[in-house]
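Start at 1 and go down the list; that is how both ligands and their atoms are numbered. Positions are given from 1, in the same order as the sequence printed here.
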Amino acid sequence: MIERIKSLIPAFRSWDGPLTSLLVQEPGRFGLGQLPVERQPDSITTSVCGFCSTGCNLTLHLQKGEAVNLTPDPFHPVNRGAACPKGWEALAPLKSSDRATDPLLRQKDGSYQKITWGEALDVFVSRMRSIQKKNGAASTAYISTGQIPTEEMALLGAVAKFGMGMIHGDGNTRQCMATAVTAYKESFGFDAPPFSYQDFEQSDTIVLIGSNLCIAHPILWQRILKNKRSPSIVVIDPRKTETASAATHHLALKSKSDLVFLYGVARELIQRQWIDSPSIETHCSGFSEFSHFVDSYTPEMVREKTGLSVEAWNSFLQLLQPGRRVSFWWTMGVNQGHEATRTAQAIINLALMTGNIGKPGTGANSITGQCNAMGSRLFSNTTNLYGGRDFKSLKDRSDVSRILEIPLEKIPSKSSWAYDQIIEGIDTGEIKGLWVVATNPAHSWMNQNRFEALREKLEFLVVQDMYHHTETARIADLILPAAGWGEKEGTFINSERRFSVLRKVSIAPGQALADFSIFHLIANAWGCADLLREWETPEKVFQILKKLSAGRPCDITAIDDFALLQKSGGIQWPCRSGVDLKPFDTSPNQERRLFEDGKFYHDDAKARFIFENPREVPEPVDVSFPLTLLTGRGSSSQWHTLTRTNKSDVLKRLSPSSCYVEVHPRDAQNYGMRDGELVTIYSRRGSIRAKAWITTTVLPGNLFIPMHYPEVNQLTLSAVDPYSRQPAYKACAVQIGGIAP
Ligand code: SF4
């Protein structure tokens, strides 16, 4: 991949170091962030980046209050002066010419007409109310995002559920983090990623499972490079990613054999007695059942299922010896699988049984995807009631009713459907009105052609977004123009549970408004604004969230306000009054990990060993579709559906502009394919054209296509993990050549 990108971008050709380092450390060489002399700043402020969950802080250079440039914050505990290309170009998408500037209403002939906010609110309320009147309040639903501030998510959850009476609302975080949420909740008793980024620097063995860190979280890869313990870095991934190329060990397991592998590793550690028995006995339950369960996962069986050599298997096990600090990290290669929750829990089991949790350089650590996925998990009021509570629990509902001073009957007593169930609900006719906020399901949802067909079944589709040209906005009935990152205030929570502040440094164009203001306007128009008297500003909502967090594992009652968050460089939860460290302590101890006392969140304070027999992949290869399609991130300059990153000329130059497919040379030979040739890939659901890139990054029998190109989800399968209901994007059966059947 590195050679490929270098060949595409002339400026990179003379560079002989790792591409990731080049992009992270020397962006100025390529015009990133450079500023004309006449536009020198007169002041600065800091703000957290709005793309990924790393949570880098950026110094915004202001002229008359408006950002004219930015540089990474050299003093911030997360990024320490570095940023990836997306961070450097964070201001560019704000100035794009296709920003949504006015509310737009679709006309009978399919064209869009500008309307006023007053008219837009009338349409929104009258259409949603009429659907609810005919079909019940549960016939309208919303899909939100991990890209807006916590306070906006919380407000949306209050307006939609308590004010408008909706029951069903989920976020696009279902697509990236639902598995980690479910796995942690079941294993630890609460959705609690236990680590601090310092753990990257303090490990002896770093195991990255289904994580292309160099590309997806480049600054975290930089943190690994700061580790002075000469760590062994193991990448477990069927694909030879940039991270696998840079690691000390790459285990290229056969696609979706990771659960068998992890159970086999557990068995071997038990056989060798490389386990922490006192810790297991004191702090965990279910180990004896687990040790019986894994007994059949012999090395021979594991090697046969995974394709690993004896040498690779043995050398990996040596890296888990007692006395070594081992940290396990995972991302979408695990989360987006058909048995994802059990796979994540198999990772957690390894950390628990070896005592690699709650200590420096250890942990079973899920790295989040979007900039505020953690905010969505805790405070969006979608599938969980505020603060990680349960809609079905009367006690939880009563607590929220008391704290918010809203009538108990306003809080739904049913859990929301998950994203895929909402989509199914459209198909069955149970959902007729859908409100989509800052996400792009017509591009990103699996089995895309089906999503498009379902559009016809919706009576009313509202899209609230920064842009009116996203794939989803183009099929909406009503488009509400929203402000973006940098044009509003609030907090994001990063992968290591750190709250940071987003600052307003730019004015949204035209009539576009902060999502926060749009939710308030809708509440007013709907007639439920009296419920939200206290929710006046993001800062006031933050104070409400503090109250909702009190006594919960995510307690943040000791964080005074946004000013303290900004001054301190962000603060990790929990941050309890009188219990945790002074939040403005900027010493290394400011970074905190969970479970140092061995106490988990279940009633007995013990963590659980959870396990289950592996399942068949939902769509195995066969004679008609003999290849397995993998999808994932393409480059560090692309973000998700390219809605924002394609607005930057610089970022566009850093990645191939059209869809490509990685094909192993052996398969290329079998199909008589030449490098660079345009080929057809088809699955049972659709067909696409992509440029062939013949490479050994993929195993024979596997293809890889980056998820960023709009056509890729025409191929993917409608399948979810049964516990987390997260889509299984990572494996489906495809064929090359010819045309779709
Ligand atoms: Fe922003 Fe993530 Fe890049 Fe940091 S690594 S600059 S948070 S996109």
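- For the salt bridge (Lys or Arg N to Asp or Glu O under 4.0 Å) test, residues two or more places apart in sequence or in another chain that qualify with Arg99 are Glu487.
- Partners of Lys95 by salt bridge (Lys or Arg N to Asp or Glu O under 4.0 Å), not counting sequence neighbours, listed by chain and number: Glu66.
- A cation-pi arrangement is not found for Arg223 relative to Tyr197, the charged atom failing to lie both closer than 6.0 Å to the ring centre and inside a 45° cone about the ring normal.
- In this structure, Asp561 has no salt bridge (Lys or Arg N to Asp or Glu O under 4.0 Å) partners at least two apart in sequence or on a different chain.
- Between Ser366 and the options Phe195, Phe328, Tyr184, Trp329, a side chain to side chain contact (heavy atoms under 4.5 Å, CB included) holds for only Tyr184.
- Between Trp485 and Phe51, the distance from one ring center to the other does not fall under 6.0 angstrom.
- Listed by chain and residue number, the protein N/O/S atoms under 2.8 Å of atom 1 (Fe) of ligand 1 are Cys49 SG, with waters left out.
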